[in-house]
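Take a look at the structure below.
Reminder, nothing fancy here: chain letters follow the sequence lines and each chain counts from 1. Worth knowing before you read on, the calculation uses all heavy atoms, side chains too, and leaves out hydrogens, waters and symmetry mates.
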There are 2 protein chains.
Amino acid sequence: MFSKACKYAINAMIYVATLPEGQERAGLKEISKAVNSPEAFTGKILQELVKHDLLHSVKGPNGGFHIQGDTSKIVLSEIVEAIDGDMLFTGCALGLEKCSEDHPCPVHHKFQAIREHLTGMLMTTSLKDVADRVNIGISFLKY
Amino acid sequence: MFSKACKYAINAMIYVATLPEGQERAGLKEISKAVNSPEAFTGKILQELVKHDLLHSVKGPNGGFHIQGDTSKIVLSEIVEAIDGDMLFTGCALGLEKCSEDHPCPVHHKFQAIREHLTGMLMTTSLKDVADRVNIGISFLKY
DNA sequence: ATATTAAAAGATAAAAATATCCTCTATTTT
DNA sequence: AAAATAGAGGATATTTTTATCTTTTAATAT
Ligand code: FES
Ligand code: FES
């Protein structure tokens, strides 16, 4: 469904979102440990998220990553799109060059509903929504 | 969502299912042309489908592939599982070692519904359902 | 100012997925 | 029986994804 890179990205963003407001930033090492992802690879992914303005980074001592602004303003679909692109949202499930009503693949009509369900969920679920669940201890970022 | 191999597999199975009952089998060349997939790679995938008893093959002149029995008895989820395995149906969306209620990832509760929607659709959509759509010309296997 | 810290950037490496090619085997036709 | 056909199986190649390592750059602390 999502690439590994995308899963790491989502988990990392959630972890950063769980940090108390205005707290010191989290370093790469801390983040990759918290979400059980390979450190160097995670670094690349965080760079990408920074480029997409979903995350901010600070170099040097006590540097690290943080989210500026409200975590309720960032939704999961933004993270997915930043890392995996929009094929999940717009591509044909069976690999036709483009997904369209005019020239639909054999599962288009059935898939449409699922896609809408999925994208609707990703577009309405904020980082705050999911980070809160982690903070109160009812969901987990690793194992 | 699905691997390329799985998309080729689904399209190929649908194509074979569109052939009139009891007709001569379709050869690899014919199939891969019909669904616009790379021939040799498609051959490997069809082998796998044969191993999973979703497809039958005959060697030699006028050989090829066909489905024995009723195409309404084969559902899409069987093809997906044969090629991509069951991670789509049972794996955690965010990469936790296992998906469970006891130790859920932050999107588990939201994902559960989508997964059920998706697997429900794949388990109830038969090859005949989709092949019929192709035969009456309202959906397409390539481009 | 200098040393230290930590992310950015670039170069490689390893693994997995996709794709092709060649030989072997079974079947059919002549 | 021999030749031709077409899938099976194995080996190899390419591409993409995942992962690591090294160097550079920016910020901080001494
Ligand atoms: S055309 Fe295949 S999903 Fe829309
Ligand atoms: S635990 Fe992640 S989807 Fe169920």
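Taking the charged nitrogens against the carboxylate oxygens, B:Arg133 and B:Asp129 have no contact shorter than 4.0 Å, which rules out a salt bridge.
Between B:Leu54 and B:Met13, the shortest heavy-atom distance links the atoms O-CE, 3.1 Å.
Contact annotation: B:Tyr8 does not reach the phosphate of C:dT18 (side-chain N/O to OP1 or OP2, under 4.0 Å). Of the side-chain N and O atoms in B:Asn62, none sit less than 4.0 angstrom from OP1 or OP2 of D:dA6. Under 4.0 angstrom from either OP1 or OP2 of C:dA6 there lies no side-chain N or O belonging to A:Ser57. One finds no side-chain N or O of A:Lys4 lying less than 4.0 angstrom from the OP1 or OP2 phosphate oxygen of C:dA16.
Taking for each of B:Ala26 and A:Phe2 the nucleotide of DNA chain D with the nearest heavy atom, the 5'-most of the two is the partner of B:Ala26. Sequence order on DNA chain C of the closest nucleotides to B:Pro61 and A:Gly27 puts A:Gly27 first from the 5' end.
Atom pair B:Asp84:CG and C:dA17:P shows a separation of 9 Å (rounding to whole Å applied). Between B:Ile31 atom CD1 and D:dA6 atom C1' the separation is 12 Å, expressed in whole Å. One atom, CZ of A:Phe41, and another, P of C:dG10, lie 18 Å apart when rounded to the nearest Å. Atom P of nucleotide C:dA19 and atom NZ of B:Lys7 are separated by 11 Å, given to the nearest angstrom. Rounded to a whole Å, the CD atom of A:Glu30 is 17 Å from the P atom of C:dT5. For the pair A:Phe65 CZ and C:dA6 P, the interatomic distance rounds to 12 Å; values are reported in whole Å. When the C1' atom of D:dG9 is taken as reference, atom NZ of B:Lys51 falls 8 Å away, rounded to whole Å. We find that NZ of A:Lys29 is positioned 14 Å from C1' of D:dT20, with the value rounded to whole Å.
In this model, a side-chain donor or acceptor of B:Gln47 finds a partner on the base of D:dG9 within 3.5 Å. Between the side chain of B:Lys44 and the base of D:dG7, no donor-acceptor pair under 3.5 Å is found. Taking 3.5 Å as the limit, the base of D:dT25 and the side chain of A:Lys59 contain a donor-acceptor pair of atoms between them.
No continuous path of hydrophobic side-chain contacts links A:Val75 to B:Val107 [ILVMFWY only; heavy atoms under 4.5 Å].
For B:Ser3, taking side-chain heavy atoms from C-beta onward, the closest of the listed nucleotides C:dA8, D:dG7, C:dT18 is C:dT18.
Considering A:Arg115, A:Glu101, A:His103 in turn, A:Glu101 is the only one that fulfils the side-chain hydrogen bond (donor to acceptor under 3.5 Å, both in side chains) rule with A:His108.
Other residues, nucleotides and ligands contribute only 12 or fewer heavy atoms inside 6.0 Å of the NZ atom of A:Lys33.
Within 4.0 Å of A:Gly43, counting heavy atoms only, lies no atom of the nucleic acid at all.
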